[in-house]
2 protein chains.
Amino acid sequence: MFTFSEENYLKAIYHLERDFIKGISTNAIAKKLETKASSVTDMVKKLSEKKLIIYKKYQGVTLTDFGKKTAANIVRKHRLWEVFLVEKLNFSWDEVHDVAEQLEHIKSPKLIQQLDSFLGFPTHDPHGDPIPDKEGNLKIIEKSLLSTLLKNESGICIGVNDSSSEFLQFLDKKGITLGKLITVLEKEDFDDSLLIKIAQQKFSISKKIASNLYIQKQ
Amino acid sequence: MFTFSEENYLKAIYHLERDFIKGISTNAIAKKLETKASSVTDMVKKLSEKKLIIYKKYQGVTLTDFGKKTAANIVRKHRLWEVFLVEKLNFSWDEVHDVAEQLEHIKSPKLIQQLDSFLGFPTHDPHGDPIPDKEGNLKIIEKSLLSTLLKNESGICIGVNDSSSEFLQFLDKKGITLGKLITVLEKEDFDDSLLIKIAQQKFSISKKIASNLYIQKQ
DNA sequence: AATTATATTTAGACAAGACTAAAAATTTAT
DNA sequence: ATAAATTTTTAGTCTTGTCTAAATATAATT
Ligand SMILES: [Mn+2]
Ligand SMILES: [Mn+2]
Ligand SMILES: [Mn+2]
Ligand SMILES: [Mn+2]
């Protein structure tokens, strides 16, 4: 078993590898965890000794298969707990992340197995992110940023790129929730804003919003 | 907010105060937490500075009102989680304690409030122990050890004194569960064993068993 | 009341995880 | 190819929580 801190580093590296392939830099990890590079160097040595990552000085780190599986399991727990909080305890999707950051460290295989079953074996969390299975595999769904859609294209809203409270609350206010159909009516060349239609409503959204929403094209 | 370790010390003192009134000794705490007396002395100074306990050298410690409320809240969380695990996730009553020891440290008032509501505002945990309310108060139920019942007296089984897995599994095996009516048919002077009747079954149990079962006399 | 035994505290050390400041390696720019 | 800028590592310190061994206080015996 690993400490909370070790688990948080693993998870950070796991997420960074999804975004930028291999050789995650010390600074990237430090930035993600809001800590100092020197602290990262220390921890990275520890994780390396435990065979969770490959680390060579000045070369960045890469998760081993063992590390990847361990990290995926933490992400699995995080996302299952997020589903629980929304589905069973009436949390809104912008309130769950911080609590899940704590719950993801609870050690009990039976707990997660039973929670998974209790929730009906969900495949995605409240933000549309896939939940890794017991082996750590996750099925990747074809998705596009709303900002890449062309005029008159449409698709289902299936996830968010930014899951900060502010952004999620903004989406709530606009009535943009997962599962809804969005159609691009106009693209404005000047500022890349979009005029969209969603559930009979028409309004325009900025490029920044559009590049934080994932769409499954129809 | 307090660290896991601080919370564990608080909880230990809280439980010890239920058993032996005031002035909890360093050694008693050390024994309960399976740690060394010198570690207790260190922590006790910290808790005292934080106004959670009253501590005078060589005099033992006593919870302040603040400390009592804080400790009761941890116990509240522990017991609510135990109910959740048994009622919703199909854990048996001998499997929940260790997981609850972890879950009790999750910090989120909303989580506990919603969990309480989700569970239907339970008043007792799976072992028959009362769940403190938000203010830390718990209603004490009149209860007697089965070993104190006289011949031909009977009552409802409402709790356990020892909640180790071994004991709980033994009770399961014998069909002794909370809510069942138990009648004392015979008391054996020689070894203080009891012949009891429970749900049409008659069998004898040792003094040790009888002094770890709480009964509500009828 | 003095002695012995027990309980408690102090002193000093250690591991984990973090930080600052300085040194070394690597990358970028000239 | 050198110099400058950036990244990464090292060295040393700090806090939390633990431990052992030694010192001191309290309690129990004779
Ligand atoms: Mn999250
Ligand atoms: Mn999520
Ligand atoms: Mn328990
Ligand atoms: Mn219990």
Side-chain angles (χ1 to χ4, degrees), chain A residues 1-14 16-17 19-63 67 70-71 74 101-102 104-105 107, chain B residues 1-14 16-17 19-63 67 70-71 74 101-102 104-105 107:
Chain A
M1 284 310 121
F2 305 104
T3 66
F4 283 22
S5 194
E6 288 169 337
E7 291 189 343
N8 284 334
Y9 275 92
L10 273 183
K11 193 162 54 99
I13 298 166
Y14 178 84
L16 288 166
E17 280 195 353
D19 299 349
F20 317 95
I21 343 236
K22 300 285 144 117
I24 305 304
S25 75
T26 302
N27 264 4
I29 299 168
K31 190 174 177 186
K32 181 139 228 170
L33 291 175
E34 295 179 40
T35 184
K36 294 296 148 80
S38 55
S39 307
V40 174
T41 302
D42 284 347
M43 179 57 86
V44 134
K45 287 176 183 168
K46 236 176 293 176
L47 296 178
S48 175
E49 271 170 26
K50 297 189 178 184
K51 310 289 182 199
L52 290 160
I53 61 177
I54 304 293
Y55 164 65
K56 283 203 213 82
K57 275 190 193 177
Y58 298 99
Q59 303 296 122
V61 304
T62 308
L63 288 170
T70 306
I74 301 163
E101 285 287 302
Q102 299 178 63
E104 71 189 5
H105 301 294
K107 272 92 176 167
Chain B
M1 284 309 123
F2 305 103
T3 65
F4 283 23
S5 194
E6 287 169 338
E7 291 189 345
N8 285 334
Y9 275 91
L10 272 182
K11 191 161 56 101
I13 298 166
Y14 179 84
L16 288 167
E17 280 195 354
D19 300 349
F20 316 95
I21 342 248
K22 300 286 144 118
I24 305 303
S25 76
T26 302
N27 264 3
I29 299 168
K31 191 175 177 186
K32 181 138 227 170
L33 292 175
E34 295 177 36
T35 184
K36 295 296 148 81
S38 54
S39 307
V40 174
T41 302
D42 285 346
M43 179 57 86
V44 133
K45 286 176 184 168
K46 236 177 293 177
L47 296 178
S48 175
E49 271 170 26
K50 297 189 178 183
K51 308 292 182 199
L52 289 159
I53 60 176
I54 304 293
Y55 164 65
K56 282 204 214 83
K57 274 189 193 178
Y58 297 100
Q59 302 295 123
V61 304
T62 308
L63 288 170
T70 305
I74 301 163
E101 286 286 302
Q102 299 178 63
E104 71 190 4
H105 301 293
K107 271 92 175 167

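Proteins get letters first, then strands, A, B, ... in listed order; numbering begins at 1 in each.
Scored by the side chain to side chain contact (heavy atoms under 4.5 Å, CB included) test, S5(B) finds T3(B), Y9(B), M43(B) as partners (sequence neighbours excluded). Applying the side-chain hydrogen bond (donor to acceptor under 3.5 Å, both in side chains) test to K11(A) and every residue at least two apart in sequence or in another chain returns E101(A), E104(A). For K51(A), the salt bridge (Lys or Arg N to Asp or Glu O under 4.0 Å) test picks out no residue, with sequence neighbours left out. Take K57(A) and apply the side-chain hydrogen bond (donor to acceptor under 3.5 Å, both in side chains) test, not counting sequence neighbours, and it matches no residue. K31(A) is linked by a side chain to side chain contact (heavy atoms under 4.5 Å, CB included) to nothing, counting only residues two or more places apart in sequence or in another chain. Take F4(A) and apply the ring-ring contact (aromatic ring centres under 6.0 Å, His included) test, not counting sequence neighbours, and it matches H105(A), F4(B).
For the pair E17(B) (side chain) and I24(B) (backbone), a donor-acceptor distance under 3.5 Å is absent. Under the 3.5 Å distance criterion, the side-chain polar atoms of Q59(B) are left unmatched by any main-chain donor or acceptor of G23(B). The closest donor-acceptor contact from the side chain of E7(A) to the backbone of A71(A) lies at 3.5 Å or more, if one exists at all.
Taking every heavy atom of both residues into account, F2(A) and L52(A) meet most closely at CE2-CD1, 3.6 Å.
dT16(D) atom P lies 14 Å from atom CZ of F2(B), rounded to whole Å. If you measure from atom NZ of K31(A) to atom P of dT7(D), you get 10 Å, rounded to the nearest angstrom. One atom, CE of M43(A), and another, C1' of dT9(D), lie 16 Å apart when rounded to the nearest Å. Remark: P of dT16(D) and NZ of K45(B) are 14 Å apart, rounded to the nearest angstrom.
First and last contacting nucleotides of DNA chain C toward chain B (any atom under 4.0 angstrom from a heavy atom, 5' to 3' order): dA7(C) to dT10(C).
For Y9(B) and dT16(D), the shortest distance from a side-chain N or O to OP1 or OP2 is not below 4.0 Å. For N27(A) and dT6(D), the shortest distance from a side-chain N or O to OP1 or OP2 is not below 4.0 Å.
Note on residues 35-48 of chain A: no pairs pass salt bridge (charged side-chain N to carboxylate O under 4.0 Å, His left out), not counting sequence neighbours.
Against DNA chain C, the stretch residues 33-42 of chain A makes heavy-atom approaches under 4.0 Å through T35(A), K36(A), S38(A), S39(A), D42(A). Within residues 53-60 of chain A, the residues having any heavy atom under 4.0 Å from DNA chain D are, by residue number, Y55(A), K57(A), Y58(A).
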